[in-house]
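Below is one structure, written out as structure tokens; comments come after it.
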Amino acid sequence: MDYKYFPHTEADLQAMLNAVGADIPEQSSPTRSLSVDALYAQIPESIRFRGDYKLPMAMSELEVRQLFEKLGSQNRQLTCFAGNGVYDHYTPAVIPQLLQRSEFLTSYTPYQAEISQGTLHYIFEYQSMMVELTGMDISNASMYDGTTATAEAMMMAVAAGKKVNKVLVSATLNDATRKVLDTYALHQGIELVTIAEEDGVTSKENLDALLAEGGVAGVLVQQPNRYGIVEDYSGFADACHAAKALLMMNSVAADLAVLKTPGEWGADIAVGDGQSLGIPMQFGGPYVGYMCCTEKLIRKMPGRIVGKTVDNRGQRAFVLTLQAREQHIRRQKATSNICSNQSLMALFVTIYMSLMGKQGLKEAASLSYAGAHYLCDKLLATGRFSLVYDKPFFNEFLVRYDGDMDELFSFYLMNGILPGVRIGDDCLLIAVTEKRTKEEVDRFVGGLPFVNGVQ
């Protein structure tokens, strides 16, 4: 055997090669390498790699640890004021400890409910909490992230419609989410039409005009929107339902602890990312998408839904109530396969919400709100920043800088601060969470050269 961790012997390998017709003629030397060459004989020589792989030499455990510590030391730890859909929230220390338990970390999709009671139990609790957080009737068992969850909502609206394939999308939706929608719609025969924005918010007048044209399956808006503005969606649900269209709302999960919920706005589908519920930013993932809807849409919802019942002994038991996936039902009737995961991040946010409780979620959201408005007032007072839109915002706001944005951004980075997300040439989208202290906020403003009298 070449490698002690490969279980197959040379005889095993030769038998498999012979079975698939890659055996070597008798006149040739029946070695394994020649047999493998016969197996790949149809692959053109011009695209086959014949060189040596650039793999490092073997290392001891100590050497490997030292290598990664050296690599990790190259990362700069910045004080983060960036958001735009991903936020630097506090993660209670107990969550990683619980999440790394082997029964959670290595578990997969609960196909056999009778031996997956622990997994089904926490999924049921996750669903219950998300329903309460969004004000909706039903929640599925989590999705990959907020962008794909929003794309699934788009397809769900079209599936629920009566031979209509048009979806109206607000111009105030996050750019990254819109790009994912475009990708999904391209191969689903879905027509996406943009609802114009007016002074940073969705134009109700343009929405009414587009609905009047007919053929609309759903309308998608965001709360807070891409600029951090808390929009007033009064009348949107009525207008959509009068046109036989569904209202879909994308929201940052943590913000719903204090904002009016999608259910209160009359939304039919609520989607978004649960990353704000304590999941670290961690270079873009893994995150967790959520999807909730009204009860009448339950059979159009992708993924699975866990329910609670009793067994033949009268004891509480959890079951997969609905499973609209390709593995469980006929392919042509499946909604989506997007939920093929072990719901590990759903467990993450379930533990987070359990630890924080209602009051804790509200307090974290309130601290984020207060910090953002404190920073905004400080920046405006310098005379070099102005709000792009004078609208109500939550914990994120868009300012225009009167000066060289490249120099400003470089200044912040040199001083250990990630000041936000650049929007265009002269605008900065700034987010504040409960992790940002008053000292950090004061340093954000107080360190500016023109504040200290240096131009």
Side-chain angles (χ1 to χ4, degrees), residues 78-89 145-147 150 169-183 192 194-203 206 220-231 250-252 254-255 272-273 275-276 281 283-284 287 368-369 371-415 417-433 436 440-441 444-445 447-448 450:
L78 303 177
T79 302
C80 182
F81 287 87
N84 199 30
V86 181
Y87 303 92
D88 186 24
H89 285 284
D145 57 26
T147 56
T150 308
V169 181
S170 173
T172 64
L173 185 74
N174 181 279
D175 272 349
T177 304
R178 178 57 193 261
K179 290 177 181 178
V180 173
L181 292 180
D182 290 338
T183 301
L192 292 183
T194 301
I195 309 169
E197 65 173 85
E198 185 177 348
D199 196 22
V201 297
T202 310
S203 171
N206 187 230
L220 178 61
V221 296
Q222 182 171 314
Q223 183 76 310
N225 70 20
R226 60 181 294 190
Y227 308 120
I229 297 171
V230 179
E231 294 200 35
N250 178 299
S251 300
V252 177
D255 297 355
D273 209 303
Q275 181 273 331
S276 57
M281 300 176 79
F283 301 98
Y287 297 153
S368 301
Y369 173 90
H373 284 74
Y374 176 75
L375 175 56
C376 182
D377 291 342
K378 287 280 189 178
L379 289 174
L380 297 183
T382 66
R384 298 291 293 273
F385 293 88
S386 60
L387 274 173
V388 176
Y389 303 110
D390 187 13
K391 299 283 185 179
F393 64 88
F394 187 64
N395 72 316
E396 195 166 19
F397 56 95
L398 184 66
V399 290
R400 179 172 285 109
Y401 174 58
D402 179 18
D404 190 320
M405 180 61 79
D406 291 333
E407 289 185 2
L408 179 72
F409 214 86
S410 298
F411 169 82
Y412 275 123
L413 293 179
M414 286 189 297
N415 285 276
I417 295 175
L418 182 59
V421 177
R422 291 186 61 170
I423 306 294
D425 296 330
D426 59 350
C427 293
L428 193 62
L429 185 64
I430 302 172
V432 181
T433 68
R436 301 284 72 84
E440 289 172 335
V441 173
F444 188 103
V445 181
L448 291 169
F450 51 80

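All residue numbers refer to positions in the sequence shown, counting from 1. Remember, it's a predicted structure, so these values are computed and weren't measured experimentally.
- For the pair Tyr369/Val230, no side-chain contact is recorded, criterion being any heavy-atom separation below 4.5 Å from C-beta on.
- Counting heavy atoms from C-beta outward, Ile423 and Val388 have side chains that stay 4.5 Å or more apart.
- Atom-to-atom distance recorded for His89:NE2 and Gln275:CD is 6.5 Å, nearest 0.5 angstrom.
- Annotation: Asp390, atom CG; neighbour count of heavy atoms from other residues, nucleotides and ligands within 6.0 Å does not exceed 12.
- Contact of the Thr202 side chain with the Asn225 side chain is not registered, since no non-hydrogen atoms from C-beta on lie closer than 4.5 Å.
- Side-chain contact between Tyr389 and Val201 is absent, with no heavy-atom pair separated by less than 4.5 Å.
- Put simply, the side chain of Arg226 never gets that close to the backbone of Thr172: no donor and acceptor are under 3.5 Å apart.
- Of the candidates Asp175, Leu173, Val180, Thr177 forms a side chain to side chain contact (heavy atoms under 4.5 Å, CB included) with just one, namely Leu173.
- A search for side-chain hydrogen bond (donor to acceptor under 3.5 Å, both in side chains) contacts involving Thr194 returns Arg178, not counting sequence neighbours.
- In terms of modelled atom types and a separation under 3.5 Å, the side chain of Asn174 and the main chain of Ala176 share a donor-acceptor contact.
- The closest side-chain heavy-atom distance from Asp255 to Ser276 is not below 4.5 Å.
- Using cut-offs of 30° and 60° on the angle between ring planes, the pair Phe393 and His373 is parallel.
- Using a 4.5 Å cut-off on side-chain heavy atoms (C-beta onward), Phe397 and Ile430 make contact.
- Between the Glu396 side chain and the Asn84 main chain, a donor and an acceptor come within less than 3.5 Å of each other.
- Between the side chain of Asn206 and the main chain of Ala196, a donor-acceptor pair closer than 3.5 Å is present.
- One N or O on the side chain of Thr382 and one on the backbone of Leu379 form a donor-acceptor pair closer than 3.5 Å.
- Atom CG in Leu418 sits 6.5 Å away from atom CG in Leu413 (nearest 0.5 Å).
- Across all their heavy atoms, Val421 and Gly83 have their closest contact at CG2-N, 4.1 Å.
- Taking CG of Leu387 as the reference point, atom CG of Leu380 lies at 5.0 Å (rounded to 0.5 Å).
- In this structure, the side chains of Leu408 and Phe385 come closer than 4.5 Å at one or more pairs of heavy atoms.
- Gln223 is not listed as a side-chain neighbour of Asn250, based on a closest heavy-atom distance of 4.5 Å or more.
- Side-chain atoms of Asn395 do not come within 3.5 Å of backbone N or O of Ala431 as any donor-acceptor pair.
- Atom CE of residue Met405 and atom CG of residue Asp425 lie 9.0 Å apart, to the nearest 0.5 angstrom.
- Across all their heavy atoms, Pro419 and Phe409 have their closest contact at CG-CE1, 3.6 Å.
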